[in-house]
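Down below is the structure, laid out as structure tokens.
Just so you know, ligand 1 is whichever comes first in the structure, and atom 1 is the first atom listed for that ligand. Residue numbers run from 1 in the order of the sequence given.
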Amino acid sequence: MIIKSTKKLLHINGDHYNEKKTTMKIYKQLKLEIKKRYYLEEIFIDDSYLNFINNCIGCKTCFKTGNCIYDNKDGIIEIKNKLLGADIIVISTPIFIDNISGNLKTLFDRLSYWFHTMPLKGKKCILIISTYRTGINEVSNYLYKICSYLGLEVVGLITSDYKTTKNVLCNEIDISLDYLETGLLKKCTNVAYSDYIYNLYDKLYKDMLKNNLITFELAYWCKLHQ
Ligand SMILES: Cc1cc2nc3c(=O)[nH]c(=O)nc-3n(C[C@H](O)[C@H](O)[C@H](O)COP(=O)(O)O)c2cc1C
């Protein structure tokens, strides 16, 4: 008998919430499949959260201190805690003007210092991208890259445009589920992109130490080695 384990699944939807939206329809189908393999504790973040996140003002305080000046002024801490508490993170977005949606970009900007410390290392990520016709390659590459910088292991990429059939979608969902369970993607490439970046940062911090640059980031990496 196969015993299912429990996973915390966080879905961040960069679209205006509506069950009929493509991103939500794909997510629903994906969730059904994940549920066959795991018990799920599901958490959902949509624009009712994201619309209240302030835009980054570029002060760079977070890079120096590890705290954002807006930390206690909007809902960002709650979102950070949800990200840190999840096992599987699904990020979905429509393509607007060949890019991710604005509220998702604001969220990533507000997490900027996390791109230097990779606190989501070890968590699995599945990306869902929906467009009418253009932008799939650009947005797939962009999201794959920046999610890896957060430490996420991207195991799935599900995309949809005007010519995507149900069969193609089912296939992409199946592949994502296989990688989610087996980490095959990592095995194929020897090392996940997020591991590569992690090792790079690890080396960089030693140079910072040599140059006596005492920053929040240096303290963070030193602590990992204690
Ligand atoms: C503001 C806006 C910008 C858009 N920009 C593009 C675009 O650059 N390329 C494209 O192919 N589709 C574009 N679209 C179409 C969306 O990607 C499409 O509506 C999205 O995938 C959601 O599909 P749905 O309405 O079926 O949920 C845009 C839609 C909106 C509302």
When distances are taken from atom 8 (O) of ligand 1, the protein heavy atom at minimum range is Asp98 N, 3.0 Å
Pair Lys28 + Glu19: basic N to acidic O under 4.0 Å
yes
re atom 18 (C) of ligand 1, the protein heavy-atom contact at minimum distance is Tyr132 N, 4.2 Å
Identify the closest protein heavy atom to atom 25 (O) of ligand 1: which residue and atom is it, and at what distance?
Lys21 CD, 4.3 Å
Just to confirm my output: which protein heavy-atom neighbour is closest to atom 24 (P) of ligand 1, and how far is it?
Thr22 OG1, 3.3 Å
Give the minimum heavy-atom separation between Val154 and Leu127, together with the two atoms involved.
CG1-CD1, 3.9 Å
Is the Tyr17 ring parallel, tilted or perpendicular to the Phe44 ring (thresholds 30°, 60°)?
perpendicular
Looking at Lys163 and Asp161, is there a salt bridge between them, counting it only when a charged N and a carboxylate O are closer than 4.0 Å?
yes
Hey, does Lys20 come in under 3.5 Å of ligand 1, counting only N/O atoms on both sides?
no
Please verify the inter-ring angle class for Phe216 with Tyr220; under 30° counts as parallel, over 60° as perpendicular, anything in between as tilted.
tilted
Any N/O of Arg133 closer than 3.5 Å to an N/O of ligand 1?
yes
Answer yes or no: is there an ion pair linking Glu153 with Lys123, defined by an N-O contact shorter than 4.0 Å?
no
Identify the closest protein heavy atom to atom 21 (O) of ligand 1: which residue and atom is it, and at what distance?
Ser130 OG, 2.5 Å
Hey, looking at atom 15 (C) of ligand 1, which of Val139, Ile95, Asn18 has the closest heavy atom?
Ile95
Among protein heavy atoms, which sits nearest to atom 9 (N) of ligand 1, and what does the distance come to when rounded to 0.1 Å?
Thr134 OG1, 2.7 Å
Can you pull out the closest protein heavy atom to atom 2 (C) of ligand 1? Residue, atom name and distance to 0.1 Å, please.
Phe96 CD2, 3.4 Å
Which residue, Asp46, Asp47, Thr93, Thr23, forms the side chain to side chain donor-acceptor pair (under 3.5 Å) with Asn13?
Thr23
Between Trp221 and Tyr205, what is the ring plane arrangement, given parallel below 30°, perpendicular above 60°, and tilted in between?
parallel
Of all the non-hydrogen atoms in the protein, which one sits nearest to atom 10 (C) of ligand 1, and at what distance?
Thr131 OG1, 3.1 Å
